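Notes follow the structure.
For clarity, every value in this text was computed on a predicted model and none was experimentally measured. Every chain is numbered from 1, with letters handed out A, B, ... down the list of sequences.
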Number of protein chains: 2
Amino acid sequence: MGTQQLESVPEPKYWHLKTVLSEALDSDFTVGEILPNERDLAARFGVARATLRQALEQLELEGRLQRRRGVGTTVAPPRVGVAVGAEQHVWPGAVGDAWQPADCTPAVPPAAVVGILESGDDEQVHTVRRSRVTHGQPVAAELLYIPTSSVPDLSAIDAPSGPARARAVLRELQRLDLDGQDSAVELGSARADDARELDRLPGAPVLVVTTRFFAEGRTAAVSIATYRADTCRLTFGDSGGVEIHHDPERKAS
Amino acid sequence: MGTQQLESVPEPKYWHLKTVLSEALDSDFTVGEILPNERDLAARFGVARATLRQALEQLELEGRLQRRRGVGTTVAPPRVGVAVGAEQHVWPGAVGDAWQPADCTPAVPPAAVVGILESGDDEQVHTVRRSRVTHGQPVAAELLYIPTSSVPDLSAIDAPSGPARARAVLRELQRLDLDGQDSAVELGSARADDARELDRLPGAPVLVVTTRFFAEGRTAAVSIATYRADTCRLTFGDSGGVEIHHDPERKAS
DNA sequence: AAGTGGTCTAGACCACCGG
DNA sequence: CGGTGGTCTAGACCACTTC
């Protein structure tokens, strides 16, 4: 018999399915359009619903689809570019930054943060919660950890909690000279509270940006920001809003 | 009857399972240790294997576990920090960069790259493949697109293909004055070829770093690098190798 | 050959959203 | 209320690694 090298590595059904769906999205659908429901799609392709879902999950991970329980599956718009690494380093809360303070509470930070701060095990910090919205959609939730020693002159007259107190803490922080900052990006899954704020289910994939702010020869603040991985493209450098399309032909709805 | 507000929002089994496993990993396991196989684990927790797998998948996504077909599931070491945004911008292939050129072929770039290059639809580019290894493990695969117009003086004497030609192209690129660069990070899934190079299955989650290099008032090169999302933490700024642990208590094996 | 994780099935029920 | 996506089950078979 002749050698039949072809098909010696059959690709999984869900992988092939994903490719087919991806091409269909490019050619036959517009942004925002609703796909048939999962049971119909599975039947149409002759696969079990679980297999179909495996393909949809990947497409959602790649930002091509958006699924909402009780509603349906829609074609996602291109990812929005979100600037996270400004050319010039600035304190959080500086004029013009994209974050909205939500709350501020005193606490001892979790162990992971203590390791980054390199502070004492039980040093108190101000924990500031902020959220970031672009194009009317929530894209990120942030926890800022600011050792009390970084804002020693915080007036007792300021609000004891809430957004007002958050702003007061950040205002105090501005008084320090910022020596530098650095960031790291990694993949994570949304905790329950972050998920609620991002309008996603717990466990949704997120890009976790950890930023350290240096002043007076030590780490003066730490930010842990979680961005929706399905809708965001994090930009570093000069290019803030430049559009990058996977498919330049994609039509607007 | 008394109001029983508690348990009004029962969390999914796999989510609870993930929490339990995560704590067990912290307290009862060391890096590199092998977990019981999935069928045993599922039986031990009284759930179906699919449910157990859903928990394991999340833990793998978070870099806590490593699973290999035919081998088993092991406790993953902390993610490695990989510097991707140097303080000073440099051309790819400059002395001391972490990439190893693998090949170079001429081609017309895919549509997505044409959009980034803002070049003519059918301009030829040199496509350089490179790979990045740290700690003996492959962490990233890269495709570099360099318009022929960026390296006009490429000698015909140089090797026609392979690593030698890749180095020759990059060497020519160094002669341009680099005006600046910017990067973007987003979540993606590994294509078949990248997956093979990264020692993962196709579709594995990856962090896609798109970098544009500017010279002479235009985009002189574009790099699309895919990093293993399970094992990598991408660092920007001054902090290259500083350790950040999720769990400082975790023991080394 | 034995054991692992990866894929796939055909069902069931639940949580959520909209009319 | 009906329809959607989300969770869960109990099985089966396949691809791969190791011995």
Side-chain angles (χ1 to χ4, degrees), chain A residues 7-19 21 32-61 64-76 189-190 192 195-196 199-205 230, chain B residues 7-19 21 32-61 64-76 189-190 192 195-196 199-205 230:
Chain A
E7 292 308 325
S8 70
V9 182
E11 63 184 357
K13 274 190 188 176
Y14 78 91
W15 185 258
H16 180 242
L17 201 50
K18 179 192 138 184
T19 309
L21 284 170
E33 197 172 342
I34 316 173
L35 269 62
N37 72 55
E38 296 183 349
R39 291 162 179 86
D40 285 354
L41 274 179
R44 182 176 312 188
F45 287 104
V47 299
R49 190 177 156 220
T51 305
L52 186 268
R53 277 180 61 82
Q54 210 170 342
L56 293 185
E57 265 151 34
Q58 284 231 355
L59 289 171
E60 191 179 28
L61 206 76
R64 305 289 310 272
L65 292 179
Q66 203 151 339
R67 299 148 88 200
R68 302 181 59 133
R69 166 154 52 176
V71 180
T73 302
T74 58
V75 180
S189 50
R196 199 168 344 100
D199 192 25
R200 299 261 64 194
L201 293 177
D230 54 344
Chain B
E7 294 307 326
S8 71
V9 182
E11 62 184 358
K13 273 190 189 177
Y14 80 90
W15 185 260
H16 180 242
L17 201 50
K18 179 192 138 183
T19 309
L21 285 169
E33 197 171 343
I34 316 173
L35 268 64
N37 71 54
E38 297 183 349
R39 291 163 179 86
D40 285 354
L41 275 179
R44 180 176 314 186
F45 287 104
V47 299
R49 190 177 157 221
T51 304
L52 185 270
R53 278 179 61 82
Q54 211 171 341
L56 294 185
E57 263 151 36
Q58 284 230 356
L59 289 171
E60 190 180 29
L61 206 73
R64 306 287 311 271
L65 292 178
Q66 203 151 338
R67 300 149 86 201
R68 303 181 57 128
R69 167 154 50 176
V71 180
T73 302
T74 58
V75 181
S189 50
R196 200 167 344 100
D199 193 23
R200 299 261 64 195
L201 291 177
D230 55 344

From NZ of B:K13 across to C1' of C:dC13 the rounded distance in Å is 12 Å
Position toward the 5' end of DNA chain D (nearest nucleotide), A:R49 or A:G70: A:G70
Would you say A:P202 and B:E11 make side-chain contact, with heavy atoms under 4.5 Å? no
Does any donor-acceptor pair link the side chain of A:R39 with the base of D:dG3 at a separation under 3.5 Å? no
Nearest-Å distance for atom pair CG/C1', residues B:L56 and C:dG6: 13 Å
Using whole Å, what does the distance between atom P of nucleotide C:dC16 and atom CG of A:D199 come to? 13 Å
Let's see if you can work this out: which of C:dG5, D:dT9, D:dC8 has an atom nearest to the side-chain heavy atoms of B:N37? C:dG5
Could you work out which one of C:dT9, D:dT9, D:dG5 sits closest to the side chain of A:V47? C:dT9
Separation of C:dT9 atom C1' from A:E38 atom CD, nearest Å, is 16 Å
Of the candidates D:dT17, D:dG6, C:dG6, the side chain of B:L201 sits closest to C:dG6
Can you say whether a donor on the side chain of B:R69 sits under 3.5 Å from an acceptor on the base of C:dG3, or the other way round? no
Distance, rounded to the nearest Å, where B:R196 contributes CZ and D:dA15 contributes C1': 16 Å
Give, for atom OG1 of B:T73 and atom CZ of B:R68, the distance between the pair rounded to the nearest 0.5 Å. 11.5 Å
Could you check whether any side-chain heavy atom of A:Q58 comes within less than 4.5 Å of a side-chain heavy atom of A:Q54, counting everything from C-beta outward? no
Sorted by position of nearest nucleotide on DNA chain C, 5' first, the leading residue of B:E57 and A:A50 is B:E57
Distance check: side-chain N/O of B:T73 vs OP1/OP2 of C:dG5, anything under 4.0 Å? yes
Below the 4.0 Å mark, does D:dT9 have OP1 or OP2 next to a side-chain nitrogen or oxygen of B:T51? yes
Whole-Å distance separating the CZ atom of A:R53 from the P atom of C:dA12: 18 Å
Stepwise side-chain contact (heavy atoms from CB on, under 4.5 Å) check, B:R67 with B:R53: CA-CA 11 Å; B:R67 300 149 86 201; B:R53 278 179 61 82; 3.2 Å; yes
Please tell me which of the listed nucleotides, D:dC8, C:dT7, C:dG6, lies nearest to the side chain of B:R67? C:dG6
Can you tell which of C:dC8, C:dT4, D:dC8 lies closest to the side chain of A:Y14? C:dC8
A:L17: which residues meet the side-chain contact (heavy atoms from CB on, under 4.5 Å) condition with it, sequence neighbours left out? A:L21, A:F45, A:V47, A:L52, A:A55
I need the CD-P distance between B:Q54 and C:dC14, as an integer number of Å. 17 Å
In whole Å, what is the span from the CG atom of A:L52 to the P atom of C:dA10? 13 Å
